[in-house]
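Heads up, the thing below is written out as structure tokens.
When a ligand or atom number is given, it counts from 1 through the structure's own listing order.
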Amino acid sequence: MAILSILKFPDPTLKKVSLPVENITGDTVRLVQDIVETMYAAPGVGLAAPQIGMLQRIIVIDIDYENPGKNLIKLVNPEIRRAEGELIWEEGCLSVADFTAEVKRAERVEVVGLNEKEQEVKVEGEGLLAVALQHEIDHLDGKLFIDRISRLKRELYTRRLKKMLRSGKPRPESPGLMI
Ligand code: NI
């Protein structure tokens, strides 16, 4: 088990599409555990495998930060089966330093995927859980929440980030919940 480092935008790996997991092996189970530990250490409420450089369709989510582990969700090959309604949520991401923005998402989603025993599981979520499920599945498709905001806002952020990187100072984390 290990806490791994989280890739940050503009790392090109974050733009890649992850591949489905064909067989859930001992290595997969260990990888899921590493993603969970890395998420809690960050701390964040969600993390996807590509954020630690593994292009596999695996996500973990735990929005119940007061009782860590109690409502932990681990999904292999997750897919959105149903999406309803609309909501706007102020999102941040462990891979996007020092920035949050309002993003429009479905209000309720039903997601199916596999657990570590290769059994099909269904997760229904609304509010923050729906946002987290959509945000993490976006990571598997090489998408960040900043790809879902206006071009103007994104350009303002990338300009600010470049300046920050040139200054050589460490990148500050964003305030609030990181997914
Ligand atoms: Ni994220």
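Applying the salt bridge (Lys or Arg N to Asp or Glu O under 4.0 Å) rule to pairs touching residues 41-62 yields R57-D141, sequence neighbours excluded.
Every residue was checked against the salt bridge (charged side-chain N to carboxylate O under 4.0 Å, His left out) condition with E37, not counting sequence neighbours, and none meets it. Checked against side-chain hydrogen bond (donor to acceptor under 3.5 Å, both in side chains), E91 has the following partners two or more places apart in sequence or in another chain: R105, H135.
Nearest heavy atoms, A130 versus V109: CA-CG2, 3.9 Å.
Taking a cut-off of 2.8 Å, the protein N, O or S atoms nearer than that to the Ni ion (ligand 1) are C93 SG, H135 NE2, H139 NE2, I179 O.
Under 3.5 Å, the side chains of S95 and Q51 contain a donor-acceptor pair of N or O atoms.
Ion pairing of K8 with D11 is absent here, as no side-chain N (NZ or NE/NH1/NH2) approaches a carboxylate O to less than 4.0 Å.
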